[in-house]
Amino acid sequence: MPGRRQTIKDVAKAAGLGIGTVSRALNGHGNVSPEAREKVSRAAEALGYQPDILARSLRTRRTKTVGYIVRDITNPLFSTVAYAAEAALEKEGYSLFVGNTFDRPEREREIVKMFLSRNVDALILSPNEDEGADIIAKAADLGLPVVALDRESPEPADRVMTEHVQGVKGAVSYLLELGHRRIAMMTGSAAVFAGRARLDGFRRAFIERGLQVPEDLCFLGSFSRDYGQQIAERILRRPDRPTAIVCGGTPLFLGMLPVVHELEISVPDDLSIVCCDDIDLTRLYRPPITVVRRDMSAIGRSVAELLLERLEGGRMGSGVTRRFPTEVVLRGSCAAPSPTSK
């Protein structure tokens with residue numbers, strides 16, 4: 001009949017398979033042979049079949065969707081996590097929806113509310129502050145699996161955390177070994193785990209060597225380009241400017257670079273630079289930038305695995321925490337300070 005919506009029965013008939021097999025193939029379940037899956041795919045495409053997501057969700061109470069709430073998806077780190085998580089979720093038939101908060105707590109809550117109204121099956125959260133625990137609690141009350149990404153929170157949730165302390169301590173220790181003492185640290189808010197942990201690693205490197213921490217060169221504000229530029233303007237124009245800078249986040253690094261260029265500061269002759277996290281620019285910059293690196297793709301896959309263990313595997317109980325290491329990757333942006341700048 002012209003205009004009639006094609007059904008799963010039509011696909012099964014065209015493919016010459018049972019409805020159960022077709023249903024499993026369309027829903028991404030693993031117990032379907034490659035041959036049967038190919039037949040279903042060809043039949044569905046030929047018929048122009050579109051699954052009725054609403055009807056399926058009413059039957060199964062599942063929408064096969066996951067909401068990912070992030071500060072800014074243009075940050076290569078977050079997009080890498082999203083890409084890896086989505087690839088893993090897609091294999092099990094799930095779609096990933098992304099909402100950007102732009103560091104605005106009120107928008108964060110609006111996006112959570114929107115995702116919940118659309119009956120997402122789970123949430124990936126990286127709240128603007130660790131105290132975003134009320135969001136996790138609300139999701140838990142609704143029975144939704146939640147993975148908190150690099151956030152400490154008193155509420156029950158699965159977590160994927162990064163060992164920031166060790167990485168930053170290793171990078172600062174390297175700078176100290178080169179002879180630097182006036183090392184600046186700029187990172188995000190103390191209300192965020194990564195900001196606190198990176199500053200902790202910075203301080204430990206000095207303390208373990210019996211050196212005084214340059215507290216006047218420690219800056220905690222936000223993980224933004226604007227903040228990176230603001231701090232760079234403040235400290236790089238000083239007559240006693242630092243001989244090295246650790247950027248506790250790629251947006252801070254990107255905000256600092258225009259100031260470095262404007263002031264015609266030579267890297268590493270005049271200034272050594274370390275960036276927390278590795279992006280294309282840190283590798284392509286000349287000289288390439290020394291980084292504290294973590295495997296963001298592995299983190300994204302781990303986020304998806306934790307969700308799927310609850311959604312598909314039936315795992316219950318209290319939250320699980322997975323921790324990922326960091327490593328210092330030495331490149332050409334660091335050198336011993338010049339004798340006149342010590």
Side-chain angles (χ1 to χ4, degrees), residues 69-78 100-109 125-133 148-153 161-162 164-165 167-169 171-172 175 180 182-206 213-238 240-263 265 271-279 281-282 289-292 294 326 333:
I69 303 169
V70 65
R71 290 201 315 273
D72 183 358
I73 198 64
T74 62
N75 185 322
L77 303 177
F78 297 138
N100 294 279
T101 69
F102 307 118
D103 274 332
R104 288 157 40 197
E106 68 280 2
R107 177 170 170 80
E108 182 174 81
R109 282 162 175 75
L125 298 175
S126 187
N128 291 302
E129 298 182 355
D130 285 357
E131 292 306 313
L149 185 57
D150 224 22
R151 293 293 183 270
E152 288 182 331
S153 167
M161 308 293 286
T162 298
H164 296 291
V165 173
V168 172
K169 188 178 79 167
V172 176
L175 291 171
H180 293 276
R182 290 193 55 74
I183 305 171
M185 175 75 197
M186 54 180 174
T187 188
S189 168
V192 176
F193 165 71
R196 296 192 304 274
R198 284 168 174 160
L199 182 59
D200 185 20
F202 179 85
R203 286 172 170 157
R204 288 191 191 188
F206 280 87
V213 179
E215 295 291 351
D216 63 316
L217 294 177
C218 296
F219 301 93
L220 283 83
S222 71
F223 291 106
S224 68
R225 291 193 186 194
D226 287 346
Y227 186 67
Q229 182 173 357
Q230 172 191 334
I231 299 304
E233 290 277 4
R234 183 190 306 180
I235 63 177
L236 293 181
R237 293 184 183 276
R238 291 165 50 167
D240 61 340
R241 70 186 180 203
T243 61
I245 293 182
V246 179
C247 298
T250 52
L252 298 165
F253 168 71
L254 295 174
M256 180 190 69
L257 281 185
V259 182
V260 171
H261 292 164
E262 180 186 350
L263 297 178
I265 294 174
L271 181 71
S272 290
I273 298 175
V274 174
C275 181
C276 292
D277 287 318
D278 202 10
I279 59 175
L281 183 57
T282 53
I289 303 298
T290 293
V291 296
V292 178
R294 51 181 164 163
T326 52
S333 66

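Just so you know, residue 1 is the first one in the sequence shown, and it goes up from there. Only heavy atoms go into these numbers, but all of them, side chains included; no hydrogens, no water, no symmetry mates.
Across every non-hydrogen atom of Cys218 and Phe202, the tightest pair is SG-CE2, 3.5 Å. Among all heavy-atom pairs drawn from Cys276 and Val246, the shortest one is SG-CG1, 4.3 Å. Scanning all heavy atoms of the two residues, the minimum distance from Leu252 to Gly188 falls at CD1-N, 4.4 Å. The two residues Ile289 and Ile273 have their closest heavy-atom pair at CG2-O, 4.0 Å. The shortest heavy-atom contact between Ile235 and Ala184 is CD1-CB, 3.8 Å. Asp150 and Thr162 make their closest contact through OD1-N, 3.0 Å (heavy atoms, listed as atom of the first residue, atom of the second, distance).
Salt-bridge formation is detected for the pair Arg238/Asp216: a Lys NZ or Arg NE/NH1/NH2 atom is positioned less than 4.0 Å from an Asp or Glu carboxylate oxygen.
In this structure, the separation between CZ on Phe193 and CG on Leu149 is 11.0 Å, given to the nearest 0.5 Å. The structure places OG1 of Thr282 at 6.5 Å from CZ of Phe253, a figure rounded to the nearest 0.5 Å. Rounding to the nearest 0.5 Å places CG of Leu263 at 4.5 Å from CD1 of Ile265. Between the CZ atom in Phe206 and the CD atom in Glu215 there is a gap of 9.5 Å [rounded to 0.5 Å]. Atoms CD and CD, on Gln229 and Glu233 in that order, are 5.5 Å from each other to the nearest 0.5 Å. Between Ile69 atom CD1 and Asn100 atom CG the span is 10.5 Å, to the nearest 0.5 Å.
The closest donor-acceptor contact from the side chain of Tyr227 to the backbone of Met186 lies at 3.5 Å or more, if one exists at all. No donor-acceptor distance shorter than 3.5 angstrom exists from the side chain of Thr326 to the backbone of Val292, with no hydrogens or angles considered. Checking side-chain atoms of Thr290 against main-chain N and O of Val274 turns up no donor-acceptor pair under 3.5 Å. Of the possible donor and acceptor atoms, one in the side chain of Arg182 sits under 3.5 Å from a partner among the backbone N and O of Asp240. Distance alone, capped at 3.5 Å, places no donor-acceptor pair between the Arg204 side chain and the Lys169 backbone.
Other residues, nucleotides and ligands contribute over 12 non-hydrogen atoms within 6.0 Å of the CZ atom of Arg71.
When each of Thr187, Val192, Ile231 is checked for a side-chain contact (heavy atoms from CB on, under 4.5 Å) with Leu220, only Thr187 meets the rule.
Evaluation of the side-chain hydrogen bond (donor to acceptor under 3.5 Å, both in side chains) rule for Ser222 yields Ser224 as partners, not counting sequence neighbours.
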